[in-house]
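What you see below is based on every heavy atom in this structure, not just the backbone, and it leaves out hydrogens, waters and symmetry mates. The first residue of the sequence shown is numbered 1, and numbering continues consecutively from there.
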Amino acid sequence: MKHSSNLTAQVKNTLPTLLFVVFASTAVENRLHAQVPPGQGVRFSQSNQAPGIEFIDVIGGSGVAVPVTGLPANRRDFNGGILDPVTGDLYAVGSDNVGTAGVLFRIELNGNAVQALIPLVDTGSTYSLSSSVFDRDGNIFIHDLETIWRVDRNSGALTLWDTQVAGQGAWNSLTVDRERNLMWTVSCSTAGLPGSVIQEYDLELGPGPGTVIFDGLANGWPTCPTGIDHDENGVLYVSTFLFSGDVAALFQYDTNNGTAMPVPGGPNHSLNDVWYDRQHGHLHMTGAITSTAWERLDLSTGTLTLIQSGFGGFFTPVTSAIALNDTLHRTTMFPHQASSAIGATIEVAAHGLAGEQAAVLMTSLNGSPLQPPRILASGSCDDGGYFTLTKSFAPGALPANTTVGITAGVLDSVSGLKILGEEKILTILP
């Protein structure tokens with residue numbers, strides 16, 4: 001049977017309405033527990049004498065530190081952690097100092113008190129996990145000195161991603177560009193594990209070895225990079241542990257042209273981590289050993305500002321890693337691709353200030369803008385500034401070979417203006 005052009009046009013005109021009905025017939029995810037507020041940083045520390053985790057006002061610049069209370073004595077030693085960019089949930093990775101090596105935790109909060117500390121994955125490793133990061137689909141990559149794993153967002157299944165080889169050092173940190181689905185790692189040259197390199201992974205290709213794109217030892221960098229982050233435009237920022245004779249503690253590597261150099265204005269003491277502020281374009285970093293301060297570097301002016309002085313001293317807690325709630329006025333979506341045959345859970349978040357009105361909209365279909373956009377859900381941002389829409393689709397519910405533009409926005413409580421984030425494209429595969 002042949003279809004008339006009028007029928008074809010009718011189907012095209014009906015598809016946005018059908019998709020709207022499918023997406024919008026759901027309840028908004030209500031987060032009952034408190035979260036890290038917008039503009040706040042999280043400091044993770046190593047030592048069971050320390051709070052283990054603290055919130056610090058880093059954007060406002062007050063530097064006030066609020067300890068997270070209620071962590072058990074054997075759960076106050078963390079190597080790092082991350083904030084979920086869709087839900088605001090706080091995750092932390094353990095240290096072998098108190099028996100949490102190889103464990104990924106989710107931490108639910110009531111104000112600044114722990115409501116629940118939930119072990120999500122135990123890799124079985126006897127080494128500390130070093131850092132964690134979300135990929136484009138919301139899966140979490142974690143690693144120790146020698147191994148990288150991916151934790152599936154929905155099932156919690158653990159997949160071995162890569163194993164470090166001789167001559168490339170011990171992995172210390174990783175970061176992911178979620179738009180391009182690329183991951184980069186840095187390694188430290190330690191006893192028995194020589195080498196210090198940056199490796200790049202195309203996550204579309206699946207598990208396997210990364211490509212060494214820069215050899216730090218061969219190019220005069222300090223032998224032990226400690227942290228890595230990126231600016232979403234291909235520039236990597238790397239913190240290092242500074243040894244006598246080293247020229248700098250903070251470096252940048254441009255993946256677009258292969259150039260590397262010290263970051264102008266960076267501190268002259270050892271660092272344990274670095275974070276690129278995606279809201280303001282600043283670098284945040286934390287020191288090591290006797291200089292455990294949290295500092296902020298304005299990349300446009302080279303101005304280094306002390307945010308929080310840290311613990312200080314050889315026998316006090318060590319700030320091991322930092323994270324930042326810097327997602328204001330952005331659209332975040334997990335995953336970017338879904339299967340019509342298999343079905344999927346789609347999560348979208350708008351990011352504003354606590355209490356601001358927010359909405360998730362369908363803004364385009366198969367590349368064509370929708371006028372007006374369809375509002376899929378609306379409501380208030382929670383304590384962390386997150387308004388999250390979660391929708392699970394059964395197999396066959398989504399039309400295959402379709403692309404849908406999703407945009408999140410907020411009503412600014414000061415100016416009264418509607419502020420939209422970037423449009424994210426959901427591709428529905430067969």
Geometric class of the His284/His282 ring pair [parallel <30°, tilted 30-60°, perpendicular >60°]: tilted

Nearest-0.5 Å distance, CD of residue Gln279 to NE2 of residue His329: 7.5 Å

Partner residues of Glu356 under the salt bridge (charged side-chain N to carboxylate O under 4.0 Å, His left out) criterion, sequence neighbours left out: none

Where at least one partner belongs to residues 129-142, residue pairs that pass salt bridge (Lys or Arg N to Asp or Glu O under 4.0 Å), sequence neighbours excluded: Arg136-Glu204

Any residue meeting ring-ring contact (aromatic ring centres under 6.0 Å, His included) with Trp221, in chain and number order, not counting sequence neighbours: Phe214, Phe251

Trp171 vs Val186, side chain to side chain contact (heavy atoms under 4.5 Å, CB included): CA-CA, chis, key distance, verdict: CA-CA 6 Å; Trp171 278 312; Val186 288; over 6 Å; no

Gap separating the OG atom of Ser196 from the CG atom of Asp215, nearest 0.5 angstrom: 7.5 Å

Atom pair CD1/CG of Ile228 and Leu174 - distance to nearest 0.5 Å: 8.5 Å

Verdict with reasoning, Ser62 to Asp57, per side chain to side chain donor-acceptor pair (under 3.5 Å): CA-CA 6 Å; Ser62 70; Asp57 181 4; 2.8 Å; yes

Atom CD1 of Ile342: over 12 foreign heavy atoms under 6.0 Å: no

Glu232/Arg330 ion pair, N-O < 4.0 Å: yes

With sequence neighbours excluded, residues passing salt bridge (charged side-chain N to carboxylate O under 4.0 Å, His left out) with Asp246: none

From Val404, Leu365, Thr363, residue fulfilling side chain to side chain contact (heavy atoms under 4.5 Å, CB included) relative to Leu370: Leu365

Salt bridge flag under 4.0 Å for residues Asp229 and Arg278: yes

Flag side-chain contact, heavy atom, 4.5 Å: Cys381 against Val410: yes

Sub-4.5 Å side-chain heavy-atom contact between Arg296 and His280: no

Identified side chain to side chain contact (heavy atoms under 4.5 Å, CB included) counterpart of Thr223 within the set Ser189, Cys188, Pro194: Ser189

Validation row, ring centre His351 to ring centre Tyr386 under 6.0 Å: yes

ring-ring contact (aromatic ring centres under 6.0 Å, His included): pairs with one or both residues in residues 132-151, sequence neighbours excluded: Tyr91-Phe134, Phe141-Trp161

Validation row: Ser187, Gln164 side chains within 4.5 angstrom (heavy atoms): yes

With sequence neighbours excluded, residues passing salt bridge (charged side-chain N to carboxylate O under 4.0 Å, His left out) with Arg153: Asp84, Glu347

Test item: Ile118 and Phe105 side chains (from C-beta on) under 4.5 Å apart, heavy atoms: no

Derivation of the side chain to side chain donor-acceptor pair (under 3.5 Å) call for Ser320 and Asn79: CA-CA 5 Å; Ser320 51; Asn79 266 352; 4.8 Å; no

Flag side-chain contact, heavy atom, 4.5 Å: Leu83 against Val36: yes

